[in-house]
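Comments concern the structure below.
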Amino acid sequence: MIELVIAERCTACERCIEVCPSNVFEPTASGPPAIARQEDCQTCFMCELYCTADALYVAPNAERPEPVERAAVLASGLLGQYRRDSGWDEWQGLYPNEQWLMETVFRRAAEVAR
Amino acid sequence: MNRFHAEAEGLVADVLVIGGGMAGAWAATAAAREGAHVVLVEKGFCGTSGVTAAAGPGHWWAPPDPPEARVNAIAQRQRIAFGLGDPVWMRRVLDETWRLLPTLAPYYDFPKDEHGRVRNYRAMRGPEYMRALRQQIVNLGVVVLDHCPALELLAHADGAIGGAAGIRTQRGGSPWRIAAGAVILAAGGTSFRSHLLGSRNNTGDGYLMAAEAGAELSGMEFTAAYTVAPQHSTMTRTMSYAFADYFDADGRQIDAPFGPDQTERLAQALLAGPVYCSLARLPADVQSHLPTISPNVMLPFARWGIDPFRERFEVTLHTDGTIRGIGGVRVQGEDCGTGVPGLYVAGDTASRELVAGASSGGGNVNSAWALSSGTWAGRAAARRARRVPASFGGLVPLGRAGLRPSGRPRPTEAVEAIAAVRAEMHPYDKNLFRTGAGLEASRRALHDVWSDLAAHAGEDGAASLGLREAAALVASARWSVATAGARTETRGMHRRLDHPELDPGLATRLVASGFEAVAVRPETSPAPKAFESVA
Ligand SMILES: Cc1cc2nc3c(=O)[nH]c(=O)nc-3n(C[C@H](O)[C@H](O)[C@H](O)COP(=O)(O)OP(=O)(O)OC[C@H]3O[C@@H](n4cnc5c(N)ncnc54)[C@H](O)[C@@H]3O)c2cc1C
């Protein structure tokens with residue numbers, strides 16, 4: 001579930017409010033969006049993919065909140081990982097889309113299993 | 001033709017598409033290309049919502065040349081369709097997919113080899129695919145209304161569907177109404193609210209709305225699909241598990257090799273205790289490319305500090321329900337009509353039996369179906385709208401449970417109804433390993449929940465969405481349980497412990513309908529109730 005909106009990175013563009021499929025964020029009068037409905041988060045990581053400021057952190061636990069240390073997350077290098085590996089925005093061309101390899105992996109597994 | 005415009009009662013369009021996953025977006029594309037003014041309403045955001053967006057949809061694919069390619073693809077599928085597939089539909093789907101997918105090139109950057117040739121068109125990455133489809137429909141002039149779930153259909157006096165109504169979940173939850181010449185339901189399938197990746201909004205709303213309009217459901221017994229994921233996570237992406245080894249709590253390897261009965265063996269092991277997984281055998285080159293093949297797969301591991309290639313981690317199986325299952329609204333014609341005038345279905349809202357038969361269509365057939373059915377429904381809806389102009393005159397709302405209960409409304413908790421559905425549809429010993437007695441117990445439990453919702457659940461405004469989702473989940477579960485009870489055999493993904501053999505007499509699709517009393521009949525018998533009827 002979504003755990004953090006990191007204020008010093010957030011540019012208040014409100015893109016996360018727009019793209020979140022389950023409407024967990026709420027705009028605030030000034031500054032970063034609030035996590036208003038954490039229990040509705042479906043842990044799809046889509047908000048991170050669309051956050052060009054890498055200001056969002058979704059914990060992998062979909063069943064219950066998993067609070068994290070803001071400082072530890074900032075230091076971890078995990079912020080923006082999904083967007084980078086997807087080759088979006090400034091990463092375009094540096095991380096190529098290799099989805100096409102997937103079927104070869106299944107084929108190799110079937111050969112091994114035979 | 002109508003201009004898309006606003007009237008005092010609401011918006012007017014030629015074609016209304018409900019749901020903005022790949023099926024809805026392809027439907028909107030086709031309708032707009034026919035010249036229709038299209039409005040697409042989406043519960044979440046068209047681009048991130050639904051199971052397409054978070055997945056990596058590989059399409060069923062066979063070129064027309066050499067001709068054996070399609071013949072072989074269809075023959076291969078027919079072998080696991082167990083008599084419920086239709087080769088004519090399979091051929092149509094292969095053909096439509098092959099022609100249409102490459103046309104997305106202006107919006108989707110298909111990877112190329114060192115000679116500049118596209119490597120393949122069939123393997124799409126979800127977020128980029130949905131981003132491309134959104135851009136395509138916006139450029140075609142489709143009006144996309146995000147965060148606007150549909151709650152119910154609107155019908156003319158003769159029963160023809162002429163629009164829908166819903167709410168806007170952001171900025172105050174105001175209601176909306178749209179009149180249209182034709183409506184396409186593309187609201188996805190349902191995982192019965194499991195943690196299947198991307199499926200939270202997919203509560204079976206399309207099934208509920210279609211059935212309220214008089215449509216039937218087909219193949220609803222085929223909901224026993226399950227996918228492995230790291231415990232507590234949503235990451236039901238299968239590729240990295242192709243080389244997985246599984247262990248019990250004592251570190252003994254579980255005999256569950258990659259193959260057709262792997263899920264059953266894992267479910268048996270999970271019924272006995274925790275199961276741990278090792279990905280150590282995943283070839284080194286795949287390990288190093290994993291982040292650029294499926295960028296979301298490593299996210300849970302990295303965040304939990306697990307090295308999945310060296311350490312064992314606990315896994316679970318999440319229910320796919322009808323998503324990597326099969327059932328949905330019965331398709332009644334080549335145009336993906338439902339038998340209800342003005343109402344069409346596409347993607348996981350439609351039954352995929354025609355192309356998948358009795359085995360999961362996940363992995364290839366489902367995406368090809370979503371693209372094709374969306375395209376056919378979109379074209380047909382646009383053509384109908386030329387004949388039948390949209391108008392609010394005489395439109396009546398069809399929503400019942402959750403909106404207009406039959407009795408006195410009283411406070412009803414959607415979460416309790418949803419918990420009841422999960423309790424019947426998730427456990428392996430109920431939905432995967434089925435028995436007549438177990439299904440009967442599920443039927444009774446769900447019947448009581450339904451009766452309560454139908455009689456008393458009704459809210460206005462924002463609260464109505466949760467109750468409608470609960471009603472859709474309970475209704476979908478009831479059709480599934482009733483049909484599974486009627487299919488007294490084991491066929492494809494439907495496994496009956498008390499009927500472990502295939503019964504040649506049941507090589508027919510089963511059709512469910514109704515709310516208070518659920519009726520199940522074989523498709524081949526025209527008269528309702530001729531086969532079996534359960535209350
Ligand atoms: C992890 C995963 C991997 C998969 N991989 C493959 C694969 O490789 N190959 C393959 O063929 N298939 C695969 N499948 C199946 C395939 O993804 C689906 O069959 C396909 O994406 C269905 O598209 P859809 O548009 O019908 O549904 P979705 O993409 O789920 O879209 C439905 C949309 O409807 C919206 N909606 C719901 N209710 C309402 C409402 N009341 N009002 C308005 N909008 C509403 C939802 O928010 C959602 O956006 C996979 C599935 C999963 C879960």
Side-chain angles (χ1 to χ4, degrees), chain A residues 1 3 15 17-23 25-27 37 39-50 57-64 66 68 73 76-78 81-88 92-110 112-114, chain B residues 42-45 47-50 53-54 56 58 109-111 119-120 122-128 146-147 169-170 195 197-201 229-230 232-235 238-243 257-259 281-283 285-286 289 291-296 298-304 363-364:
Chain A
M1 294 179 175
E3 288 292 346
R15 188 78 167 131
I17 299 176
E18 188 187 6
V19 303
C20 171
S22 48
N23 197 28
F25 300 103
E26 198 62 37
R37 288 164 292 271
E39 68 283 4
D40 288 347
C41 175
Q42 68 162 353
T43 318
C44 65
F45 304 97
M46 284 292 161
C47 56
E48 289 193 23
L49 193 53
Y50 278 85
Y57 180 81
V58 176
N61 196 320
E63 293 160 1
R64 59 192 62 88
E66 207 171 66
V68 282
V73 168
S76 68
L78 293 170
Q81 176 191 2
Y82 189 20
R83 202 171 64 82
R84 182 199 64 204
D85 290 350
S86 299
W88 281 35
Q92 200 193 337
L94 299 171
Y95 290 78
N97 175 351
E98 296 188 303
Q99 171 82 33
W100 56 276
L101 282 170
M102 186 180 282
E103 62 192 34
T104 68
V105 178
F106 283 115
R107 199 155 51 230
R108 284 160 72 181
V112 170
R114 210 177 285 140
Chain B
E42 164 55 53
K43 188 189 280 188
F45 176 82
T48 60
S49 192
D109 188 11
F110 290 102
R119 289 191 188 269
N120 79 41
R122 58 191 173 267
M124 306 291 283
R125 200 185 256 173
E128 288 81 354
D146 300 301
H147 304 289
T169 52
Q170 295 192 336
H195 288 298
L197 187 62
S199 70
R200 185 183 165 88
N201 283 342
H232 312 301
S233 85
T234 52
M235 208 45 72
T238 51
M239 184 196 75
S240 26
Y241 296 90
F243 288 88
F258 183 61
R281 278 197 306 116
L282 193 68
D285 61 309
V286 183
H289 284 262
T292 42
I293 300 175
S294 300
N296 53 5
M298 288 303 287
L299 302 179
F301 296 129
R303 284 158 204 226
W304 277 328
N364 53 25

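This is a predicted model, so every value here is computed, not measured. Note on naming: letters A, B, ... go to the chains in the order of the sequence lines (proteins, then strands), and numbering restarts at 1 for each one.
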What are the two closest non-hydrogen atoms of A113(A) and F258(B), and how far apart are they? CB-O, 3.8 Å
With a 4.5 Å cut-off on heavy-atom pairs, point out which of Q170(B), K43(B), R200(B) contacts chain A the most. R200(B)
For the backbone of R122(B) and the side chain of E103(A), can you confirm whether one donor and one acceptor N or O come within less than 3.5 Å of each other? no
With a 4.5 angstrom heavy-atom cut-off, could you sort out which part of E63(A) is near chain B: side chain, backbone, both or neither? both
Per-residue contact mode, R64(A) against chain B (heavy atom under 4.5 angstrom): side chain
Smallest heavy-atom separation, G56(B) atom then Q99(A) atom, equals O-NE2, 3.4 Å
Residue among Q81(A), E26(A), R84(A) with most heavy-atom pairs under 4.5 Å to chain B: Q81(A)
Expected output: side-chain T234(B) to main-chain T43(A) donor-acceptor under 3.5 Å: yes
If we define contacts as heavy-atom pairs under 4.5 Å, which of L197(B), L282(B), N296(B), N364(B) has the most with chain A? N296(B)
If you look at every heavy atom in F243(B) and V105(A), which pair is closest and at what distance? CE1-O, 3.7 Å
Select one option (side chain, backbone, both, neither) describing which atoms of P127(B) are under 4.5 Å from chain A's heavy atoms. both
Which pair of non-hydrogen atoms, one from E128(B) and one from W88(A), has the smallest distance, and what is that distance? OE2-NE1, 2.7 Å
Just to verify, what does C44(A) make a side chain to side chain contact (heavy atoms under 4.5 Å, CB included) with, not counting sequence neighbours? P21(A), Q42(A), M46(A)
I'd like to know whether R303(B) forms a salt bridge (Lys or Arg N to Asp or Glu O under 4.0 Å) with E66(A), so could you lay out the CA-CA distance, the side-chain angles of the two residues, the decisive distance to 0.1 Å, and finally the verdict. CA-CA 11 Å; R303(B) 284 158 204 226; E66(A) 207 171 66; over 6 Å; no
Within the side chain of T48(B), is there an N or O that forms a donor-acceptor pair under 3.5 Å with the backbone of V19(A)? yes
Chain A contact via S199(B) - side chain, backbone, both or neither, heavy atoms under 4.5 Å: backbone
H147(B) to N23(A) - nearest heavy-atom pair and separation: ND1-CB, 4.5 Å
In terms of heavy-atom pairs under 4.5 Å, which option from W100(A), Y57(A), F45(A) contacts chain B the most? W100(A)
Between F106(A) and chain B, with a heavy-atom cut-off of 4.5 Å, which part of the residue counts as in contact: side chain, backbone, both or neither? both
Checking L78(A) against chain B: side chain, backbone, both or neither under 4.5 Å from a heavy atom? both
Going through the checks in order, is the side-chain contact (heavy atoms from CB on, under 4.5 Å) test met by D285(B) and R108(A)? CA-CA 12 Å; D285(B) 61 309; R108(A) 284 160 72 181; 3.0 Å; yes
Give, as side chain, backbone, both or neither, the part of V68(A) having an atom under 4.5 angstrom from any heavy atom of chain B. neither
Please look at C47(A) and chain B and tell me whether the side chain, the backbone, both or neither of the residue comes under 4.5 angstrom of a heavy atom of that chain. neither
Chain A shares the most heavy-atom pairs under 4.5 Å, among M124(B), E42(B), M298(B), R281(B), with M124(B)
D85(A) to T292(B) - nearest heavy-atom pair and separation: O-CG2, 3.9 Å
